Structure formats: C-alpha cells, structure tokens
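Because the structure is a prediction, the values reported are computed rather than measured.
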Amino acid sequence: MSIKIPFLSKQVKETELEDWDNIPSHVAIIMDGNGRWAQRRGLPRIAGHREGVSTVNRIVKTAVNANVKVLTLYTFSTENWKRPKSEVDFILKLPKEFLHVYLPGLVENNVRVQTIGDFNAVPKHTQDAIEYAMEKTKDNDGLVLNFALNYGSRYEIIHAVKQIVQDTKASELDLEQLDESYFEKYLFTNGLSDPDLLIRTGGEYRLSNFMLWQLAYTEFWFTEKLWPEFDEDTFLQALMEYQQRKRRYGGI
Ligand code: FPP
C-alpha cells in the first residue's frame, strides 16, 4: 500500500515555527512508553509497540514536512535483549512490518533508510527487510531515516576503539592523526551530523546508553507523553522550543 506524504501539510504551514531556517537538522528520539500505554488500557505490552509503529509513520511524515534532514529513532537497544523473548521477537519484527506498509511512501518522499548498531546480531528477516529498504532508497537525498537497532553507545565506542587499535597495528593509522573528527569516522554515525535536538517521550529523564558521544552539545527536550500518543503537534512544539534555545557550544 502506498502512503502519500503531502508536502507541507496544512498543519505544518499553520504552525508558528519561528524561523524556517532554524529547523534542527538532526533530530534523535528515544521512543519510550509503549508498554505503559498498553498496560493502562489493559492490553499486552506488545500492543503498545504495535501502536508505536503508527507514531513512527506520523513523525517521519512530520519530519519530512518540516525539512528535518536526519531522524534517528532508538528502536532497539543492546540492553533490550534482557526483555522476555516474546517481546524481543515482536519488537524485532516491527521494522519489517513498518517497511512492508510504508516503504513505497518513503521512496516517493525521497527518504533514505539507514541504520546504526550491531546489525549482524538481529534476526535475518529484520536484516533482509532493512537491507532491501536501504537498497531501494539509497539514491534518495531527502530525510535520512536512521534506525538505531541493536544500538548501544558504549558498545559503539568500544567497537571504534578496537578498530583503531587494529588500524594502528596494521600501520593504517598513525595515533598522531587521531583527533575528535578522526575518531568520529569509526562510529556507526560516520557521515551524519550530531543530533541538534534529542527528544525523549514517556516522562523518563535519562539517556539509556544512547549516542553518548554524539549528544555532547545537543539540546534535550522531554515530554510526559507516551510514544503511542506522541503526535504531530507535540513534535512541532519540540521544534518550536528548540528555536528558543541559545546554543553556545561552550562559548558565551
Ligand atoms: C520503549 O518503550 C520502546 C521500545 C524498546 C521499542 C520501540 C519500538 C517501537 C516504537 C516500534 C519500532 C518501529 C519501527 C518502525 C522500527 P517501553 O516498552 O520501554 O515502554 P515502557 O517504559 O512504558 O515499558
């Protein structure tokens, strides 16, 4: 089924974003609260994850409309394997379900799909669905839809350090060359700008091992709203509040 994403929906146009030039280029989201959303309705936790997929579609559309360049979604963390197997299996099927329904709309709207994380450890069907989407969208130059999948920031940093050691041993890297921008080439996010705005839903105020290096100068925005109820208006509210922030990067 092809989902059309109208360019600049009425709602976005009418929203009083202060400055269309000051849209956060990279927005990263910790999508929290699916389980609680379901439990409050007397439903199994997985019902919340399924509802969360609809929110992903809503927010991707809004990000396209608002001209965000990169949207990183924390889909599954390296710590999420601790959950019951049935829930893990369910979550890891969602990228395939999402792409089955929405990939044509993503292609049509110039979205490029990519991932960060230890992709090799996720089930083959998940890898196949994502690789197919990456291939289909590889020439698109609109929104980068970046799924953090089996992602953990400490793992990412250790992975980078191991590669640096290997490259040094193989004389492919001289340690004198290693500075912050060179180090970043070894991270999963190589080639992406750091997030300008981090949103966490679900009323929790922590980073949960998400993009610890990349969030050094990012603006944070939290909401009590649970991910399944996070909507276009709330996303736009986050963008508007971002526009009020004065970013100083350590200067004055
Ligand atoms: C956290 O909520 C959510 C997750 C660990 C899974 C996130 C996955 C989705 C939103 C669906 C992914 C969709 C696509 C298209 C890839 P929680 O279960 O920890 O909520 P709780 O804090 O209320 O228990």
Side-chain angles (χ1 to χ4, degrees), residues 5-37 48-49 51-77 98 102 105-106 109 111-114 116 142-148 151 153 189 192-249:
I5 303 175
F7 188 70
L8 276 182
S9 70
K10 189 162 168 278
Q11 196 170 3
V12 176
K13 266 193 272 180
E14 285 173 0
T15 302
E16 289 180 13
L17 279 170
E18 282 238 315
D19 176 359
W20 279 96
D21 293 330
N22 186 21
I23 298 292
S25 178
H26 184 168
V27 179
I29 307 186
I30 302 177
M31 309 181 286
D32 197 12
N34 293 344
R36 277 167 287 160
W37 182 91
H49 296 312
E51 193 64 24
V53 173
S54 305
T55 309
V56 169
N57 178 48
R58 232 177 9 244
I59 297 312
V60 169
K61 281 187 198 176
T62 315
V64 168
N65 289 334
N67 207 20
V68 170
K69 303 286 181 231
V70 183
L71 180 67
T72 296
L73 300 177
Y74 204 8
T75 305
F76 189 84
S77 77
F98 171 79
Y102 298 113
L106 299 178
N109 284 279
V111 173
R112 181 154 63 84
V113 174
Q114 73 163 69
I116 52 172
L143 176 77
V144 174
L145 174 57
N146 183 30
F147 291 112
Y151 175 87
S153 192
T189 46
L192 296 177
S193 59
D194 288 341
D196 300 289
L197 175 65
L198 171 84
I199 296 173
R200 181 168 187 148
T201 64
E204 307 283 1
Y205 298 82
R206 55 178 172 260
L207 288 182
S208 303
N209 199 15
F210 188 51
M211 301 186 99
L212 302 179
W213 172 281
Q214 296 87 342
L215 294 175
Y217 283 102
T218 301
E219 297 296 325
F220 290 4
W221 194 84
F222 298 96
T223 174
E224 294 296 315
K225 282 213 171 163
L226 305 174
W227 179 249
E229 58 201 19
F230 188 70
D231 56 13
E232 195 173 56
D233 280 348
T234 320
F235 187 47
L236 292 171
Q237 187 191 342
L239 300 189
M240 281 189 273
E241 290 187 22
Y242 168 85
Q243 294 184 331
Q244 313 296 322
R245 305 274 179 94
K246 299 271 176 286
R247 301 184 74 187
R248 288 190 291 272
Y249 301 95

S.K.: How long is the gap from NZ on Lys61 to CD on Glu232, to the nearest 0.5 Å?
M.R.: 8.5 Å
S.K.: For the residue pair Asp231 / Thr234, report whether a side-chain donor-acceptor contact shorter than 3.5 Å exists.
M.R.: yes
S.K.: Does any part of the side chain of Leu143, heavy atoms only, come nearer than 4.5 Å to the side chain of Leu106, both counted from C-beta?
M.R.: no
S.K.: Look at atom CZ of Arg248 and say whether more than 12 heavy atoms of other residues, nucleotides or ligands are closer to it than 6.0 Å.
M.R.: no
S.K.: Quick one: CG on Asn67 to OG on Ser25, what's the gap to the nearest 0.5 Å?
M.R.: 9.0 Å
S.K.: Under 4.5 Å between any side-chain heavy atoms of Leu197 and Trp221, yes or no?
M.R.: yes
S.K.: Can you confirm whether Phe220 sits close enough to Arg200 that some side-chain heavy atom of one is under 4.5 Å from a side-chain heavy atom of the other?
M.R.: no
S.K.: Distance from Thr75 atom OG1 to Ile29 atom CD1, nearest 0.5 Å?
M.R.: 10.5 Å
S.K.: Please report the closest heavy-atom contact between Leu239 and Pro24, naming both atoms and the distance.
M.R.: CD2-CG, 3.5 Å
S.K.: Looking at Asn34 and Gly52, what are the two nearest heavy atoms and their distance?
M.R.: OD1-CA, 4.2 Å
S.K.: Going by heavy atoms in the side chains, are Met31 and Val56 under 4.5 Å from each other?
M.R.: yes
S.K.: What verdict does the side chain to side chain contact (heavy atoms under 4.5 Å, CB included) test give for Gln214 and Thr72, after you've listed the backbone C-alpha separation in whole Å, the side-chain angles of each residue and the deciding distance to 0.1 Å?
M.R.: CA-CA 12 Å; Gln214 296 87 342; Thr72 296; over 6 Å; no
S.K.: Could you tell me how the ring of Tyr249 sits relative to the ring of Tyr217: parallel (under 30°), tilted (30 to 60°) or perpendicular (over 60°)?
M.R.: tilted
S.K.: Is the backbone N or O of Pro195 less than 3.5 Å from a side-chain atom of Thr218, with the two atoms forming a donor-acceptor pair by type?
M.R.: yes
S.K.: When you measure from the side chain of Tyr242 to the backbone of Asp196, do you find a donor-acceptor pair of N or O atoms at a distance under 3.5 Å?
M.R.: no
S.K.: Evaluate the side-chain proximity of Ile59 to Trp227: yes if any heavy-atom separation is below 4.5 Å, no if none is.
M.R.: yes
S.K.: Can you tell me how far the OG1 atom of Thr62 sits from the CZ atom of Arg58, to the nearest 0.5 Å?
M.R.: 8.5 Å
S.K.: Let me confirm one number: the CG-NE2 distance from Leu198 to His26, rounded to the nearest 0.5 Å.
M.R.: 9.5 Å
S.K.: Evaluate the side chain to side chain contact (heavy atoms under 4.5 Å, CB included) criterion for residues Tyr151 and Met211: first the C-alpha distance (whole Å), next the side-chain angles of each, then the deciding distance (0.1 Å), finally the verdict.
M.R.: CA-CA 9 Å; Tyr151 175 87; Met211 301 186 99; 3.8 Å; yes
S.K.: Roughly how far, to the nearest 0.5 Å, is NZ of Lys69 from CZ of Arg112?
M.R.: 12.5 Å
S.K.: Please report the shortest heavy-atom distance between Ile23 and Gln243, naming the atom on each side.
M.R.: CD1-NE2, 3.9 Å
S.K.: For a quick test of reading the model, state the closest non-hydrogen atom pair linking Trp213 to Ser153 and the distance between them.
M.R.: N-OG, 4.1 Å
S.K.: Is there a side-chain contact between Val27 and Phe235 (heavy atoms, below 4.5 Å)?
M.R.: yes
S.K.: Under a 4.5 Å cut-off applied to non-hydrogen side-chain atoms, are Thr223 and Gln237 in contact?
M.R.: no
S.K.: Parallel under 30°, tilted from 30 to 60°, perpendicular over 60°: which one fits the rings of Phe222 and Tyr205?
M.R.: tilted
S.K.: Minimum heavy-atom separation for Trp37 to Gly48, with atom names?
M.R.: CE3-CA, 3.8 Å
S.K.: Heavy atoms only: give me the nearest Gly202-Leu226 pair and the separation to one decimal.
M.R.: CA-CD2, 3.9 Å
